[in-house]
Protein chains: 2
Amino acid sequence: MRRAELKILRKLPLFCDMNQRHFDRLMKSALLQWFPAHTELIRERELPDYLHILVDGMVELFATRGGQSATIDILQPITAFIIAAVVRDELYLNGARTLTPARILLIQANTIRSVFSEDAVFARAVVSELATRYRAVIQVLKNDRIGNSTDRVLNWIAREDIRQHRKGSIQIPFDKRILASYLGMRPENLSRAFQTLRRHGIIVHGKTLLIKDRKSFRRLVRPSVLFANN
Amino acid sequence: MRRAELKILRKLPLFCDMNQRHFDRLMKSALLQWFPAHTELIRERELPDYLHILVDGMVELFATRGGQSATIDILQPITAFIIAAVVRDELYLNGARTLTPARILLIQANTIRSVFSEDAVFARAVVSELATRYRAVIQVLKNDRIGNSTDRVLNWIAREDIRQHRKGSIQIPFDKRILASYLGMRPENLSRAFQTLRRHGIIVHGKTLLIKDRKSFRRLVRPSVLFANN
DNA sequence: CGACTCTTTGAACTACCTCAAATGTGGTGG
DNA sequence: CCACCACATTTGAGGTAGTTCAAAGAGTCG
């Protein structure tokens, strides 16, 4: 790994506060690698060899059963994934594939586990990361079970609006069919949800969303849960 | 807290391997308390004062929004809950209420965080617990998004069958309406799902389920994901 | 331009929900 | 122990959100 890359990695929340010697140990066992788009990184039901940390690009977590597939989460940098499986040394519950070309840091699983035992600061960072992942899934599950598909789209817009600094225009960072899958619906339905929202002042042009009237937008979103979106 | 209770608690996976002095510190700040059924233990959007560990009874995690409510998980002993919020010192994403009278160990949140930093063994146990919780939610989400309501019931039966040691008869450990909510459906629909399953050799008598033909049951469940059910 | 894939639109279908009523069940006090 | 009540479950009928299938329109990239 290059010196410049190491310097950047060292600044990640997962590593920034930890002991230098432990960091070096992690990195000695690590690979930083580009993968092309649509690469299967992880297959369900296998045992973890490496902790994966997404550094560039986008990755989809998905679950399959009997030919059907469902999106669990869509990850953007910087995010460690499959932490739970690595920590417990258990089978992956979901697969992972790149949506775009992606640069991923791979750290040997048993090195993680061993450094984890010795470095409390690192341990805390790992837990924090895992907790974040947990809370993200809870949010998704909550959205799935409460409210209809249009609500889910509206919620996603509201969260994405914050993430993109409330510019009033939002870029959908991937294909609409991916967004649909993430929101647990069909592309057709996402399209129809956007139609519905247009009547409430949200205009869709390709991958750009425009919030025409922020006041009525806020009123629309109010009933939705919007705290703790990280 | 009584000496006998402490002895039992000491044996829990979360505490069994940790340093005695740290254990004592945790317990000095802890309360072991019975709560009546249907007590609200935790309210969404509040900050955690205590880590909760369910020792006896059952607890429901739920989310609400605009009057609607959805079950996130149903906990049985021994399970620590709201770990993610405690670790990150962030708002609860879901509420928790007792389903039955329940005995709960409350440990001060900041004591948890401080012992966590000093005791690597405890840290690992916390992560392990959190990872388990994470994986449980992933399973639920997966079930929600893949397959219909009858599939979800079937899957639940299969998992519960294992948990109850494949005796061939299964006790539903709570009201059917709770099960329905846990599986993200209406009680009416659960009832109809049981009807459907009866045609496949699963007989329902009150809270008792009988698997009449294990061979055909296995065939039925096969297409479902059933690995890693913990 | 032309061959893709993605997105939108329409129409028919289906699973699930809602509402309402009947039936079953457990607990309580007489 | 029984009668009764409250509440859980089941059954039925009708409505609705979302799916599926098919085809047309838009982007995108060689």
Side-chain angles (χ1 to χ4, degrees), chain A residues 36-38 58 60 65-71 74 97 99-101 143-157 170-199 202-210, chain B residues 36-38 58 60 65-71 74 99-101 143-157 170-199 202-209:
Chain A
H38 312 298
M58 280 193 295
E60 179 190 14
R65 180 192 301 164
Q68 292 200 78
S69 167
T71 301
I74 290 173
R97 63 171 83 98
L99 288 176
T100 64
N143 273 332
D144 261 33
R145 292 205 163 173
I146 301 176
N148 57 24
S149 62
T150 307
D151 289 339
R152 292 204 293 280
V153 176
L154 186 61
N155 268 297
W156 181 84
I157 293 175
I170 297 165
Q171 284 296 318
I172 307 177
F174 28 67
D175 284 352
K176 286 205 183 94
R177 89 201 144 78
I178 302 291
L179 177 57
S181 176
Y182 176 50
L183 296 174
M185 58 177 99
R186 303 273 125 179
E188 295 94 321
N189 233 321
L190 176 62
S191 194
R192 291 187 250 262
F194 279 141
Q195 290 302 325
T196 306
L197 291 176
R198 192 163 62 186
R199 275 175 256 137
I202 293 167
I203 301 169
V204 185
H205 273 306
K207 291 188 174 175
T208 307
L209 304 181
L210 274 167
Chain B
H38 314 297
M58 281 194 294
E60 178 189 15
R65 179 191 301 165
Q68 294 198 78
S69 166
T71 301
I74 291 173
L99 288 177
T100 64
N143 272 333
D144 262 31
R145 292 205 162 172
I146 301 176
N148 58 23
S149 63
T150 307
D151 289 339
R152 291 204 293 281
V153 175
L154 186 61
N155 268 297
W156 181 85
I157 294 175
I170 297 165
Q171 282 297 318
I172 306 177
F174 28 68
D175 283 353
K176 286 204 184 95
R177 88 201 147 79
I178 302 290
L179 177 57
S181 176
Y182 176 50
L183 296 174
M185 60 176 99
R186 303 270 122 184
E188 295 94 320
N189 234 322
L190 176 62
S191 192
R192 290 187 252 261
F194 279 140
Q195 289 303 325
T196 306
L197 291 176
R198 193 165 60 187
R199 275 175 255 134
I202 293 166
I203 301 170
V204 185
H205 272 306
K207 291 187 174 177
T208 306
L209 305 181

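FYI, side chains are in, hydrogens and waters are out, and symmetry mates aren't considered; it's all heavy atoms of this structure. Keep in mind it's a predicted model, so treat the numbers as computed, not measured.
Between the P atom of D:dG18 and the CG atom of A:Asn143 lies a distance of 13 Å, rounded to the nearest Å. B:His205 has its NE2 atom 15 Å from the C1' atom of C:dT25, to the nearest Å. Across the protein-nucleic acid pair, A:Asp144 atom CG and D:dA17 atom P stand 17 Å apart, rounded to whole Å. Look at CG on B:Leu99: it is 12 Å from P on D:dA8, rounded to the nearest Å. Between the C1' atom of D:dT19 and the CD1 atom of B:Ile146 lies a distance of 16 Å, rounded to the nearest Å.
Considering every non-hydrogen atom in both B:Met58 and B:Thr100, the closest pair reads N-OG1, 2.9 Å.
In the helix from C:dC1-D:dG30 to C:dG30-D:dC1, the terminal helix axes, each the rotation mapping four pairs' C1' atoms onto the next four within five end pairs, subtend 40°, rounded to 10°.
We find the OG-CD distance between A:Ser69 and A:Glu60 to be 6.5 Å, quoted to the nearest 0.5 Å. Atoms CZ and CD1, from A:Phe194 and A:Ile203 in turn, are 13.0 Å apart once rounded to the nearest 0.5 Å. How far OG of B:Ser149 is from CG of B:Leu190: 8.5 Å, rounded to the nearest 0.5 Å.
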Next item on the list: Let me have a per-nucleotide readout for nucleotides 3-16 of chain C, 5' to 3', with B, S or -, counting only protein heavy atoms under 4.0 Å.
Entry: ---SSSBBB----S
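Contact of the A:Leu154 side chain with the A:Thr150 side chain is not registered, since no non-hydrogen atoms from C-beta on lie closer than 4.5 Å.
Residue A:Val153 forms a side chain to side chain contact (heavy atoms under 4.5 Å, CB included) with just one option from A:Asn143, A:Leu197, A:Ile202, and that option is A:Leu197.
Sorted by first and then second residue, the pairs that involve residues 173-182 of chain B and meet salt bridge (charged side-chain N to carboxylate O under 4.0 Å, His left out), not counting sequence neighbours, are B:Asp175-B:Arg177, B:Asp175-B:Lys207.
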Check: Going through the checks in order, is the side-chain hydrogen bond (donor to acceptor under 3.5 Å, both in side chains) test met by B:Gln68 and B:Arg65?
Finding: CA-CA 5 Å; B:Gln68 294 198 78; B:Arg65 179 191 301 165; over 6 Å; no
